[in-house]
Amino acid sequence: MSKKDKQIAAIKGTKDILPKEARKWQRVEAAAKGIFELYGYREIRTPVFEATELFEKGTGQTTDIVTKEMYTFTDKGGRSLTLRPEYTPSVVRSIIENNLHLQPQPLRFYFIGPMFRYDKPQKGRYRQFHQMDIEVFGEKDPAVDAEIVEMADFLLEKLKVKDKQILVNSVGCRKCRQGYYRNLRASAEKVRDQLCEDCQRKIDTNPLRIFDCKVETCREVSLGFPEITDYLCPECQEHFDKFCSYLDGYRIEYRIEPRLVRGLDYYTKTTFEIVSSKLGAQDAILGGGRYDDMMKDFGGPDMCAIGFAVGMERLLSLVPYREKRESFMYFVWLGDEARKAGMKLARPLRREGIECLIEHKERSLRNQMSRADKLGAPWVLIVGEDEVKKGTFQIKRMDSGEQRECRQEEILQILKESVGK
Ligand code: HAM
């Protein structure tokens, strides 16, 4: 057996987030949480697995997610469970189960965590990936649709994501879809033999899903199909017009994309995505829309909803990042007494928010200085046995090479002055 055979590797479509990268994740998550909270959202956390029927019913029986991509298994009690492929049905379940709708409004939630979809892995598409998701309940005014798009735009601006485009559409409601489906089916029927097997099935189950198909001929043929925007009922049309006018009011640039139906069954009225040409084939940084029927379809109150989810891996690939650790101090110690003095000194410094790294391994002075350099420490504190006796240390600024003797009580001041420069 070769060495490679013996190694246990990460599962295809999953990735380790290594410490260097994890810092960037933390920064992006912190920025997002900060922004979500500014708009009145609060965190909610739900389990990673749920009853399979939650997604069958919520995400939708005719979606690719439910028909092909779910991680479903039977547990020891014989129940069918599924690792969540998305977050939206879970939060609806949680609201109903915990009677959150009876609490004072607004019902605005955010969530960050892993999702699971068994799709063919490629750049920007993983089997375990992460989403930051926000959901609003009980606010039917199109102003909220515009506000969440504005919030998403703000987040991307804050993270300095440059190349982005906002696409918006309306997929109407169940009422407008009746006439639309009739005509869409009729158009699709005429070109049935040019469609892939999957799309031929979709003609009967959910013709809107044909627009999700990635097969080139289906894409081309579907260009001749009628568009939902021509079938909106007066209420949906008014909602869409107002939504767009609020976006105009924010002076947000967007493009109306009549084929933006999104890959989930629950949407009503507004749908939107923010895409980036820097992402390649999987170009959506985030996507969402309104889903006014899910709560009542689940037996809960008749409460409208809207939300979106950001794909973290895709977002992170667009965020420029250079780690700054201004108050990171590497301790160089020579001899056991010096190490003890260093350990004692690190206690109050860490309490002041200074990152102190003491590596408990005997090394030469040169060796330790080169470690500090490799680790990118802006500061080095040299603790020598003679200095310990005198109650002093040598503090060195690595970029300028400036070094001076200081007493313990001066260290904080030196760091503060340097940050202020
Ligand atoms: P979604 O469009 O399926 O919507 O996913 C949202 C985002 O998650 C995508 O735009 C993409 O960035 C990321 N994403 C999806 N699948 C993968 C994958 N396999 N690998 C990497 N990233 C991926 C939803 O999930 C809805 N629940 C959004 C929503 C919330 N609608 C209303 N509320």
Side-chain angles (χ1 to χ4, degrees), residues 12-15 17 28 32 36 41 44 46 50 54-55 58-60 63-66 68-71 83-93 95 107-137 139 144-145 148-149 151-152 155-156 161 164-169 171 209 211-212 214 260-276 278-295 304-319:
K12 193 173 163 188
T14 71
K15 274 200 325 178
I17 300 165
V28 169
F36 298 156
Y41 292 78
I44 183 167
T46 62
E50 300 266 5
L54 180 79
F55 302 110
T59 309
T63 57
D64 282 353
I65 295 180
V66 170
K68 302 179 204 160
E69 297 171 8
M70 293 213 295
Y71 275 92
L83 300 184
R84 61 178 178 218
E86 59 148 340
Y87 185 62
T88 312
S90 302
V91 71
V92 171
R93 176 203 52 70
I95 288 177
L107 290 168
R108 295 182 174 199
F109 304 106
Y110 72 84
F111 164 84
I112 302 175
M115 306 288 152
F116 307 86
R117 295 184 192 175
Y118 190 86
D119 202 349
K120 206 164 174 232
Q122 63 176 89
K123 183 173 170 263
R125 190 161 73 200
Y126 308 101
R127 290 183 172 165
Q128 175 173 331
F129 61 100
H130 298 76
Q131 284 187 343
M132 299 195 288
D133 182 291
I134 67 102
E135 311 286 351
V136 184
F137 296 88
E139 295 185 54
V144 79
D145 307 30
I148 69 171
V149 173
M151 180 169 77
L155 175 63
L156 298 183
V161 174
K164 59 178 160 75
Q165 189 168 26
I166 300 174
L167 310 177
V168 303
N169 191 27
V171 292
R209 294 274 71 87
F211 293 117
D212 301 335
K214 282 142 199 139
L260 184 70
V261 295
R262 311 249 317 117
L264 303 126
D265 280 352
Y266 46 70
Y267 290 116
T268 53
K269 296 186 174 138
T270 310
T271 53
F272 63 93
E273 278 184 359
I274 302 187
V275 297
S276 172
K278 292 246 157 61
L279 285 176
Q282 305 299 318
D283 66 352
I285 313 172
L286 62 90
R290 192 165 265 288
Y291 52 102
D292 290 345
D293 299 321
M294 195 192 293
M295 187 82 89
C304 62
I306 184 167
F308 68 76
V310 189
M312 290 286 287
E313 286 78 1
R314 293 186 200 174
L315 172 63
L316 268 110
S317 73
L318 299 172
V319 174

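Scope of the values below: all heavy atoms of this structure, side chains included, with no hydrogens, waters or symmetry mates. Atoms within each ligand, like the ligands themselves, are counted from 1 in listed order.
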The closest protein heavy-atom partner of atom 14 (N) of ligand 1 is Phe129 CE1, 3.5 Å
Quick one: look up the protein heavy atom nearest atom 7 (C) of ligand 1 and list residue, atom name and how far away it is. Ala309 O, 3.6 Å
Contact between ligand 1 and Arg125 is defined here as a heavy atom of the residue under 4.0 Å from a ligand atom; is it met? yes
Between the candidates Ser276, Gly307, Ser90, Gly13, which shows the shortest non-hydrogen contact distance to atom 32 (C) of ligand 1? Gly307
Find all atoms of ligand 1 within a distance of less than 4.0 Å from any non-hydrogen atom belonging to Leu286, and give their numbers and elements. 10 (O)
Test side-chain contact (heavy atoms from CB on, under 4.5 Å) applied to Arg108 and Ile148, Ile44, Ile134, Val144, the passing residue: Val144
Ignoring hydrogens and geometry, is there a side-chain-to-backbone donor-acceptor pair from Asp133 to Tyr87 under 3.5 Å? no
Applying a heavy-atom cut-off of 4.0 Å, say which part of Tyr266 lies close to ligand 1: side chain, backbone, both or neither. side chain
Could you give me the CA-CA distance, side-chain angles and deciding distance for Ile112 and His130, then say whether side chain to side chain contact (heavy atoms under 4.5 Å, CB included) is met? CA-CA 7 Å; Ile112 302 175; His130 298 76; 5.9 Å; no
How close does the nearest protein non-hydrogen atom get to atom 31 (N) of ligand 1, and which residue and atom is it? Tyr267 OH, 2.7 Å
Are Tyr41 and Tyr110 an aromatic pair, judged by ring center distance below 6.0 Å? no
Relative to the heavy atoms of Glu135, which atoms of ligand 1 are at a distance of less than 4.0 Å? 30 (C), 32 (C), 33 (N)
For atom 19 (N) of ligand 1, closest protein heavy-atom neighbour: Tyr126 O, 2.9 Å
How far is atom 4 (O) of ligand 1 from its nearest protein heavy atom, and which residue and atom name does that atom have? Arg262 NH2, 2.9 Å
Using a 3.5 Å distance criterion without hydrogens, assess whether the side chain of Arg290 forms a donor-acceptor pair with backbone atoms of Thr270. no
Close-contact set for ligand 1 against Gly288 heavy atoms, below 4.0 Å: 31 (N)
So which bit of Arg117 gets within less than 4.0 Å of ligand 1, heavy atoms only: side chain, backbone, both or neither? side chain
Check the orientation of Phe137 and Phe109. Use parallel for under 30°, tilted for 30 to 60°, and perpendicular for over 60°. tilted
Go through ligand 1 atom by atom and flag the ones less than 4.0 Å from a non-hydrogen atom of Asp133. 30 (C)
At under 4.0 Å between heavy atoms, is it the side chain or the backbone of Gln131 that contacts ligand 1, or both, or neither? side chain
Checking Arg125 side chain against Lys120 main chain: does a donor-acceptor pair fall under 3.5 Å? yes
Enumerated ligand 1 atoms positioned under 4.0 Å from heavy atoms of Ala284: 10 (O), 11 (C), 12 (O)
In plain terms, say whether Arg209 and Asp265 are close enough for a salt bridge, that is, a side-chain N and a carboxylate O under 4.0 Å apart. yes
Compute the minimum heavy-atom distance from Asp119 to ligand 1 and say whether it is under 4.0 Å. no
Go through ligand 1 atom by atom and flag the ones less than 4.0 Å from a non-hydrogen atom of Gly289. 32 (C)
Do Lys269 side-chain atoms and Gly289 backbone N/O form a donor-acceptor pair below 3.5 Å? no
The protein heavy atom nearest to atom 11 (C) of ligand 1 is Arg314 NH1, 3.3 Å
How about Val171 and Arg262: do any of their side-chain heavy atoms sit closer than 4.5 Å? no
Any side-chain to backbone donor/acceptor pair from Asp292 onto Ala305? Under 3.5 Å, distance only. yes
Give the residue, atom name and distance (to 0.1 Å) of the protein heavy atom nearest atom 13 (C) of ligand 1. Gly311 CA, 3.5 Å
Quick check on Gly124 - does any of its heavy atoms sit under 4.0 Å from an atom of ligand 1? yes
pair Tyr291-Glu135: side-chain heavy atoms closer than 4.5 Å: yes
Mind checking whether Ile285 contacts ligand 1 via backbone (N, CA, C, O), side chain (CB onward), both or neither, at a 4.0 Å heavy-atom cut-off? backbone
At a non-hydrogen distance cut-off of under 4.0 Å, which region of Phe308 contacts ligand 1 (side chain, backbone, both, or neither)? backbone
Decide yes or no on side chain to side chain contact (heavy atoms under 4.5 Å, CB included) for Phe308 and Met151, but give the supporting numbers first. CA-CA 11 Å; Phe308 68 76; Met151 180 169 77; 4.2 Å; yes
Go through the steps to decide whether Phe272 and Leu286 satisfy the test side chain to side chain contact (heavy atoms under 4.5 Å, CB included), and finish with yes or no. CA-CA 9 Å; Phe272 63 93; Leu286 62 90; 3.9 Å; yes
Write out the residue and atom name of the closest protein heavy atom to atom 27 (N) of ligand 1, then the distance separating them to 0.1 Å. Glu86 OE1, 2.5 Å
